[in-house]
Amino acid sequence: MPPDNGPSDASKGLAAVESDIARACKDARRDRSSLTLIAVSKTFDAKAITPVIEAGQRVFGENRVQEAKGKWPDLTAANPDIALHLIGPLQSNKAKEAVALFDAIHSVDRPSICEALSKEIIKQDRRPHLFVQLNTGEEPQKAGIAPADADAFLARCRDVYGLQISGLMCIPPVDEAPAPHFALTAKIAARNGLKQLSMGMSADFAIAIQFGATHVRVGSAIFGHR
Ligand SMILES: *Cc1c(COP(=O)(O)O)cnc(C)c1O
């Protein structure tokens with residue numbers, strides 16, 4: 001097993017990330033409590049995740065509904081205060097399972113998903129926190145709403161589908177400086193009265209914290225390479 005991939009190393013990874021977060025919060029004159037660390041555990045099994053739970057981490061992110069459904073119910077049964085966030089693309093036919101399993105969904109990105117979520121939220125009487133995903137780099141292969149369409153889409157979420165949106169999520173293009181993408185996401189959130197910003201991953205969470213991230217999604221810096 002590679003040294004950076006073992007379960008004991010994941011709790012070390014968590015401690016290192018927490019220390020970087022503390023420094024970034026201090027630099028940005030922010031309180032640590034204004035920020036939620038989502039430990040992205042996709043592709044890692046219960047054995048790798050358990051040390052991180054034991055180290056006190058309670059918020060985890062997954063990018064596939066099926067994978068999360070397979071490994072999390074046993075872990076959350078043993079630790080009922082764990083919150084699960086869906087950070088990956090959602091299909092309408094998985095909305096039922098997603099609403100049942102997740103406490104937050106970061107990938108609201110089209111009307112058909114809004115409709116499916118709205119139906120399940122009412123049916124199940126469960127209200128996961130919802131984030132609209134922006135495609136700030138307007139990359140054709142990437143999911144998300146184009147910045148120019150964001151205001152209209154957010155109005156539609158509210159007025160047509162009755163969804164309460166908590167905030168915005170973005171994934172900057174890999175080959176660009178992330179700061180302008182974080183700034184744009186924060187600006188669109190502010191003018192729409194949204195308080196939550198899901199932005200920042202292993203490579204750039206400190207910068208995201210400067211730009212007001214309320215949720216950072218950190219995988220490989222905690223768990224090692226996938
Ligand atoms: C995998 C993933 C992350 C975590 O990425 P790392 O670079 O491993 O920190 C964050 N957000 C999304 C949407 C992801 O799919």
Side-chain angles (χ1 to χ4, degrees), residues 9-42 44 49 51-63 68 72 75-76 79-88 102-108 127-134 136 144 150 154 164-172 174 177-224:
D9 273 46
S11 61
K12 278 187 216 148
L14 176 67
V17 167
E18 277 294 355
S19 136
D20 288 349
I21 286 176
R23 191 176 316 118
C25 284
K26 192 160 172 259
D27 290 349
R29 296 193 164 74
R30 292 184 51 180
D31 201 287
R32 171 65 183 86
S33 66
S34 68
L35 179 73
T36 299
L37 167 62
I38 304 169
V40 177
S41 50
K42 64 187 186 197
F44 290 94
I49 296 169
V52 178
I53 297 173
E54 283 169 357
Q57 178 65 24
R58 285 297 176 271
V59 184
F60 290 86
E62 290 286 343
N63 69 335
W72 276 102
L75 292 166
T76 48
N79 306 274
D81 57 340
I82 282 175
L84 287 182
H85 289 224
L86 179 65
I87 61 168
F102 290 98
D103 301 285
I105 296 172
H106 294 238
S107 47
V108 178
R127 304 198 159 271
H129 291 284
L130 301 177
F131 293 77
V132 165
Q133 182 172 351
L134 295 184
T136 56
L154 286 163
Q164 197 181 322
I165 301 295
S166 302
L168 299 179
M169 180 271 228
C170 77
I171 309 172
V174 284
H181 296 274
F182 296 154
L184 177 60
T185 303
K187 187 175 143 194
I188 294 171
R191 73 170 180 238
N192 283 281
L194 300 174
K195 299 223 156 52
Q196 310 289 316
L197 291 170
S198 168
M199 53 192 204
M201 304 171 33
S202 289
D204 55 20
F205 63 83
I207 300 166
I209 290 169
Q210 282 175 25
F211 283 87
T214 60
H215 294 71
V216 291
R217 311 178 308 268
V218 180
S220 50
I222 297 172
F223 290 99

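Atom set for the values below is all heavy atoms of this structure, side chains included, hydrogens, waters and symmetry mates excluded. This chain uses plain numbering: 1 for the first residue, then up along the sequence.
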What pairs of residues pass the salt bridge (charged side-chain N to carboxylate O under 4.0 Å, His left out) test when at least one of them lies in residues 179-188, not counting sequence neighbours? none
Is a side-chain N or O of [X] found less than 3.5 angstrom from the main chain of [Y], in a donor-acceptor match?
| X | Y | answer |
| --- | --- | --- |
| S198 | M169 | no |
| R32 | C25 | no |
| T214 | L197 | yes |
| T76 | W72 | yes |
| D204 | M201 | yes |
| S19 | A15 | no |

Does I49 reach the side chain of F60, with side-chain heavy atoms less than 4.5 Å apart? yes
If you measure from [atom1] on [X] to [atom2] on [Y], what distance do you get to the nearest 0.5 Å?
| X | Y | atom1 | atom2 | value |
| --- | --- | --- | --- | --- |
| L86 | H129 | CG | NE2 | 14.5 Å |
| L154 | I188 | CG | CD1 | 8.5 Å |
| L184 | T136 | CG | OG1 | 6.5 Å |
| I209 | F182 | CD1 | CZ | 10.0 Å |

In this structure, which one of L168, I87, I105, I171 forms a side-chain contact (heavy atoms from CB on, under 4.5 Å) with Q133? I171
Checking S41 against E62 for the side chain to side chain donor-acceptor pair (under 3.5 Å) test, could you report, in this order, the C-alpha distance in whole Å, the side-chain angles of both residues, the deciding distance, and whether it holds? CA-CA 6 Å; S41 50; E62 290 286 343; 2.7 Å; yes
Closest non-hydrogen atom pair, [X] against [Y]:
| X | Y | answer |
| --- | --- | --- |
| D31 | S33 | OD1-OG, 2.8 Å |
| L194 | G167 | CB-CA, 4.1 Å |
| V52 | S11 | CG2-N, 4.2 Å |

Just jot down the salt bridge (Lys or Arg N to Asp or Glu O under 4.0 Å) partners of [X], sequence neighbours excluded, or say none.
| X | answer |
| --- | --- |
| D27 | none |
| D81 | R58 |
| R127 | none |

Would you call the rings of F131 and H106 parallel, tilted or perpendicular, taking 30° and 60° as the class edges?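 F131 and H106: parallel rings.
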With sequence neighbours left out, write down each residue that passes side-chain hydrogen bond (donor to acceptor under 3.5 Å, both in side chains) with S107, or none if nothing qualifies.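 side-chain hydrogen bond (donor to acceptor under 3.5 Å, both in side chains) check on S107 returns nothing, list empty.
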Can you list the residues that meet the ring-ring contact (aromatic ring centres under 6.0 Å, His included) rule with F102, with sequence neighbours excluded? none
